[in-house]
Amino acid sequence: MRLSTWIRQHLAALRALLALTAITGIVYPLAVFAVAQLPGLHDKADGSLVEVNGRTVGSSLIGQSFTGSDGAALAQYFQSRPSAAGDGYDPMSTSASNLGPEDVVDTPARASLLTTVCARSKVVGDREGVDGSRPFCTKDGVGAVLSVIGPRDPDGDVSHPARVVSVNEACPAQPFVAVYRGVRVECAEPGQDYSAGRIVPIHGDAPADPAVPADAVTASGSGLDPNISPQYAAIQVSRVAKARGISDQQVRVLVDEHTSGRTLGFLGEPRVDVLRLNLDLDRRYPYRG
């Protein structure tokens, strides 16, 4: 009697296992696949791939680099925003850098988020012929940060520092500021720890609204953003036009054609589709370089 009950229970469990395996492992995936093949859904289900002359050149959902074999930006193309996903735009490593606004001091292992942003801004500014300076950055493109060492008052301030070090400028660099609160600013000796001092970012004289927009120097949360802001596109127009031997106005017309407004009129920000814009440039105004 007990053996018969045990057998019936296990047979019922086996039947349930087989039925659920068939439903969730076969029927449901096939049903989802079939729905995904319906008109209007097929392209999105297959990855929103973009093809030119039968050759896949990218996805409308995933950004990509437009650089040469040496990693330098190709002058004839609009550049995408930076990516922190793997080596760049890797769907298998989609992620942000997870660094925040307090990451301002460089280490031997890596540059801080602040220095990374400063360096990118300088590169973009030099490339596009605009002012690449930004608040809290030195003119050489590193974080303008001091370690102010000395006794602290009850508020944590160091009113009378004994020593001041520009922590992101390794010796023999000339510090971005010569004197701070009457004390000569020193360059940082490699390998030395200056965390005992109060870390003070210096705003500097850069404009509050930099010419190089934020999306030109920061990665998106996914690291896969295929779009850039109209502001970032605007500062690239002259370079692209010059490289292709056309007028700025001809390039601006294409930028406008590939600019989308806010989703539903209020979600997100206006954006420019970099891949389709570059493809349209190649189609209408082929690069002759």
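By the salt bridge (Lys or Arg N to Asp or Glu O under 4.0 Å) test, E257 is found to be paired with R284, residues two or more places apart in sequence or in another chain being considered. Under the rule for a salt bridge (Lys or Arg N to Asp or Glu O under 4.0 Å), R271 has no partner lying at least two apart in sequence or in another chain. Residues that satisfy the side chain to side chain contact (heavy atoms under 4.5 Å, CB included) test with S65, not counting sequence neighbours, are T67, Y89. Scanning for salt bridge (Lys or Arg N to Asp or Glu O under 4.0 Å) contacts around R184 gives an empty result, with sequence neighbours left out. Partners of D225 by salt bridge (Lys or Arg N to Asp or Glu O under 4.0 Å), not counting sequence neighbours, listed by chain and number: R81.
The shortest non-hydrogen separation linking V217 to R120 is O-NH1, 2.9 Å. Pairing each heavy atom of V185 with each of S166, the nearest pair is CG1-N, 3.9 Å. Nearest heavy-atom pair across G223 and A85 is O-CB, 3.9 Å. In terms of heavy-atom proximity, P175 sits nearest to A173 at CD-O, 3.4 Å. The shortest heavy-atom contact between T218 and A214 is OG1-O, 2.8 Å. Shown here for A170 and P190, the closest heavy-atom pair between the two residues is CB-CG, 4.5 Å.
For the ring pair (Phe, Tyr, Trp, His ring centres under 6.0 Å) condition, no pair includes a residue of residues 150-181, sequence neighbours left out. Applying the salt bridge (Lys or Arg N to Asp or Glu O under 4.0 Å) rule to pairs touching residues 58-77 yields nothing, sequence neighbours excluded. Counting only residues at least two apart or in different chains, salt bridge (Lys or Arg N to Asp or Glu O under 4.0 Å) contacts with residues 226-237 are absent. Within the structure, side-chain hydrogen bond (donor to acceptor under 3.5 Å, both in side chains) pairs that include any residue of residues 11-27 do not occur (at least two apart or interchain). Applying the ring pair (Phe, Tyr, Trp, His ring centres under 6.0 Å) test to residues at least two apart or on different chains, none of the pairs has a partner in residues 238-266.
In this structure, a donor-acceptor pair under 3.5 Å is absent between the side chains of S112 and D103. Using a 3.5 Å distance cut-off with no hydrogens or angles, the side chains of R8 and S4 do pair a donor with an acceptor.
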Test salt bridge (Lys or Arg N to Asp or Glu O under 4.0 Å) on R276 and D280 and set out the steps.
CA-CA 6 Å; R276 294 191 185 277; D280 214 3; over 6 Å; no

Go through the steps for V183 and R181 under the test side chain to side chain contact (heavy atoms under 4.5 Å, CB included), then give the verdict.
CA-CA 6 Å; V183 177; R181 293 189 175 180; 5.6 Å; no

As a quick check of understanding, evaluate side chain to side chain contact (heavy atoms under 4.5 Å, CB included) for F66 and V274, giving each step before the final call.
CA-CA 10 Å; F66 294 91; V274 181; 3.7 Å; yes

Does the pair V165 and Q192 meet the rule for a side chain to side chain contact (heavy atoms under 4.5 Å, CB included), with working shown?
CA-CA 11 Å; V165 180; Q192 293 296 309; over 6 Å; no

Yes or no on side chain to side chain contact (heavy atoms under 4.5 Å, CB included) for V158 and I149, after CA distance, side-chain angles and deciding distance?
CA-CA 7 Å; V158 182; I149 303 169; over 6 Å; no

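In D209, the CG atom is not crowded: 12 or fewer heavy atoms of neighbouring residues, nucleotides or ligands sit closer than 6.0 Å.
Hydrophobic clustering places I228 together with V130 (ILVMFWY residues linked when any side-chain heavy atoms are closer than 4.5 Å, directly or through intermediates). Under the 4.5 Å side-chain heavy-atom criterion for grouping Ile, Leu, Val, Met, Phe, Trp and Tyr, V200 is not connected to V167 through any hydrophobic cluster. Linking Ile, Leu, Val, Met, Phe, Trp and Tyr residues whenever their side-chain heavy atoms come within less than 4.5 Å leaves V117 and I202 in two separate clusters. Tracing side-chain contacts under 4.5 Å through hydrophobic residues (I, L, V, M, F, W, Y), one reaches I199 starting from L114; they form part of the same cluster. Placement of V57 and Y285 within a single hydrophobic cluster is found when ILVMFWY residues are connected by side-chain heavy-atom separations under 4.5 Å, directly or transitively.
Note that CD1 of I62 and OG1 of T94 are 8.5 Å apart. Values are rounded to the nearest 0.5 Å. A distance of 8.0 Å separates CZ of R252 from OG of S247, quoted to the nearest 0.5 Å. Expressed to the nearest 0.5 Å, how far CG of L254 lies from CD of Q249 amounts to 10.0 Å. For the atom pair CZ (R239) and CZ (R244), the distance works out to 10.0 Å, reported to the nearest 0.5 Å. How far OG1 of T115 is from CG of D106: 3.5 Å, rounded to the nearest 0.5 Å. Atom CG of residue N53 and atom CZ of residue R283 lie 11.0 Å apart, to the nearest 0.5 angstrom.
Here the side chains of L99 and R110 are in contact, with some heavy-atom distance below 4.5 Å. Contact of the R262 side chain with the L267 side chain is not registered, since no non-hydrogen atoms from C-beta on lie closer than 4.5 Å. Side-chain contact between L279 and V52 is present, with heavy atoms from C-beta onward closer than 4.5 Å. For the pair R127 and V124, the minimum side-chain heavy-atom distance is below 4.5 Å.
None of V272, L275, D273 except one satisfies the side chain to side chain contact (heavy atoms under 4.5 Å, CB included) rule with N227; the exception is D273.
Looking at D157 and R198, a side-chain N of the basic residue comes within less than 4.0 Å of a carboxylate O on the acidic one, giving a salt bridge.
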With a 3.5 Å cut-off and sequence neighbours excluded, list the donor-acceptor pairs that the side chains of residues 71-78 form with protein atoms.
residue	atom	partner	partner atom	Å
Y77	OH	D282	OD1	3.3
Y77	OH	D282	OD2	2.7

Would you give me the side-chain donor-acceptor pairs under 3.5 Å for residues 133-146, sequence neighbours excluded?
residue	atom	partner	partner atom	Å
S133	OG	D131	OD1	2.8
S133	OG	D131	OD2	3.0
R134	NH1	S121	OG	3.1
R134	NH1	V212	O	2.8
T138	OG1	D140	N	3.2
T138	OG1	G141	N	3.3
T138	OG1	V142	N	3.2
T138	OG1	V142	O	3.4

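Side-chain atoms of D215 come within 3.5 Å of backbone atoms of S229 as a donor-acceptor pair (strictly under, hydrogens ignored).
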